[in-house]
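Working notes for the structure below.
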Amino acid sequence: MPPFASNVVLIAGGVGGARMAEGLARALPAGALTVIANVGDDDDFYGLRVCPDIDTLIYTLSDHIDRKQGWGVADDTVRALDVLGTLAAPTWMKLGDADFGLHIWRSWQLAAGNSLTKVTQEAAMRLGARARIVPASDDPVRTKLRTADGWMDFQPWFVGRRCEPEVLELRYDGAEKAKAGPEALAAIEAAELIVFAPSNPLLSIEPILAIDGFRAIIADSRAPKIGVSPLIGGKAVKGPLSRLMAGLGMRTSSSGVAMRYSGLLDGFAIDTQDLPEADELQGRGLSVLPTDILMRDPQDAERLAAEILAWTAVLQEHRKQAAS
Ligand code: FO1
């Protein structure tokens, strides 16, 4: 078992983040993994707080996830949503009946004065998630996208408009004023390894890094920091990343993603298909792990996690030898 196996932090959002979390949770001893979740996708529906990235993590890590969709609860029904439709409420966000239960409970707990950190940890524990899940912040941070139709909230763009309106600009409302979540901070301080999940850097990771002081806290950590590319051959496994990056004038490559984390990473795991990018990444001072980064199922995710852990142990050993 690698030396840092007791305090591993994963910075994550979306389906790619949850898959990596599942792999690490399977590859590490119980209690070793803390996942810091993006809150930039959160929104309110019918007066209820919905936290899609937190919930995708909870459901994935507790085996309740609808694996085909990558989000929501397996075999969920939509009777509540049908009633809402009959009542002429908007129903473009497919909230299932079981999923509604979590949103009702969370909104009730938040209204009673509990923090999002406390509520999330309790939900994860009670629903049986096999890792600690903590929000990046207890304060609201909301990803907004400027399109030809003006500024849009994240879920109306992502789900309501199926990512169709081209994105001209992005901002993370509230991030500058938001404080890093107390458990997120404590986890980074204690981290022996920090992994950046193969999540969308612009929509999942940067809303976290934009939170006041977050980037600096990670940069100051002495733990090895490893990124996993969300792109294979310039294409995202799921979601709108390559179109978004191209539209904002970025290179749609693993190196383009690594550049977003400039100054934060020691190493980057890329797909073997992207081996030609290794030289450029190494030129930027990063160690490179070329491997099969596609997580088709939980076994695949565990295999990738184990490879990353073993590789980081070797990197650490080299670091130590170089310093002595
Ligand atoms: N994604 C969709 O594409 N369509 C939906 O109707 C939808 C509903 C939904 C409800 C709860 C939830 O936790 C997630 C949901 N998602 C849906 C996924 C969600 O929009 C994305 O996973 C993230 O926000 C992007 O990372």
Side-chain angles (χ1 to χ4, degrees), residues 10-22 35-62 64-82 84-85 89-107 116 119-120 123-124 127 129 133 135-136 140-145 152-165 167 170 172-173 196-208 230 236-245 295:
L10 177 71
I11 301 180
V15 177
R19 292 205 173 135
M20 190 77 258
E22 188 172 32
V35 187
I36 299 181
N38 173 39
V39 293
D41 296 9
D42 295 5
D43 209 337
D44 294 305
F45 295 89
Y46 326 110
L48 301 174
R49 175 68 46 82
V50 177
C51 304
D53 284 356
I54 288 175
D55 296 350
T56 299
L57 283 163
I58 293 180
Y59 295 146
T60 302
L61 288 166
S62 62
H64 289 100
I65 195 78
D66 179 329
R67 292 204 176 266
K68 212 162 145 214
Q69 276 180 164
W71 49 269
V73 176
D75 303 320
D76 212 351
T77 46
V78 286
R79 294 188 65 181
L81 207 68
D82 286 346
L84 286 158
T91 55
W92 50 265
M93 184 80 173
K94 301 289 172 234
L95 298 166
D97 296 332
D99 196 26
F100 260 117
L102 176 54
H103 309 317
I104 292 167
W105 180 82
R106 173 167 42 226
S107 306
L116 186 61
V119 173
T120 301
L127 290 173
I133 302 168
V141 176
R142 296 291 178 266
T143 298
K144 308 271 176 174
L145 311 103
M152 296 184 72
D153 290 348
F154 179 77
Q155 295 298 342
W157 175 78
F158 189 87
V159 176
R161 301 283 301 274
R162 297 168 194 271
C163 312
E164 265 159 26
V167 175
L170 273 170
Y172 311 113
D173 271 12
F196 287 70
S199 304
N200 186 315
L202 301 169
L203 300 178
S204 295
I205 308 290
E206 292 188 20
I208 301 177
V237 175
K238 199 173 189 309
L241 177 58
S242 32
R243 213 175 123 234
L244 195 64
M245 287 180 83
M295 293 179 278

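Whatever order the structure lists ligands and atoms in, that order sets their numbers, starting from 1. Computed from a predicted structure; not experimentally measured.
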For Trp157 and Phe154, take the angle between the two ring planes, folded into 0 to 90°, and tell me which bin it lands in: parallel under 30, tilted 30 to 60, perpendicular over 60.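 Correct class here is tilted.
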Where does the angle between the aromatic ring planes of Phe100 and Tyr46 fall among parallel (under 30°), tilted (30 to 60°) and perpendicular (over 60°)?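 Ring orientation of Phe100 relative to Tyr46: tilted.
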Just wondering, do Pro240 and Val167 contact through their side chains at under 4.5 Å, heavy atoms?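 Sidechains of Pro240 and Val167: no contact.
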Run through ligand 1 for me and note each protein residue having a heavy atom under 4.0 Å from it, chain first, then residue number.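 Within 4.0 Å of ligand 1, protein side: Gly14, Asp41, Pro52, Asp53, Trp71, Trp92, Met93, Lys94, Leu95, Asp99, Phe154, Gln155, Phe158, Val159.
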Pairs flagged by salt bridge (charged side-chain N to carboxylate O under 4.0 Å, His left out) wherever residues 37-52 is involved - sequence neighbours left out: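 Sorted pair list: Asp44-Arg49.
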Asp66 side chain to Gly72 backbone, donor-acceptor under 3.5 Å: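 The answer is no, because no donor-acceptor pair under 3.5 Å joins these two groups.
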Any side-chain to backbone donor/acceptor pair from Asp76 onto Asp99? Under 3.5 Å, distance only.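 Yes, because the side chain of Asp76 sits within donor-acceptor range (under 3.5 Å) of the backbone of Asp99.
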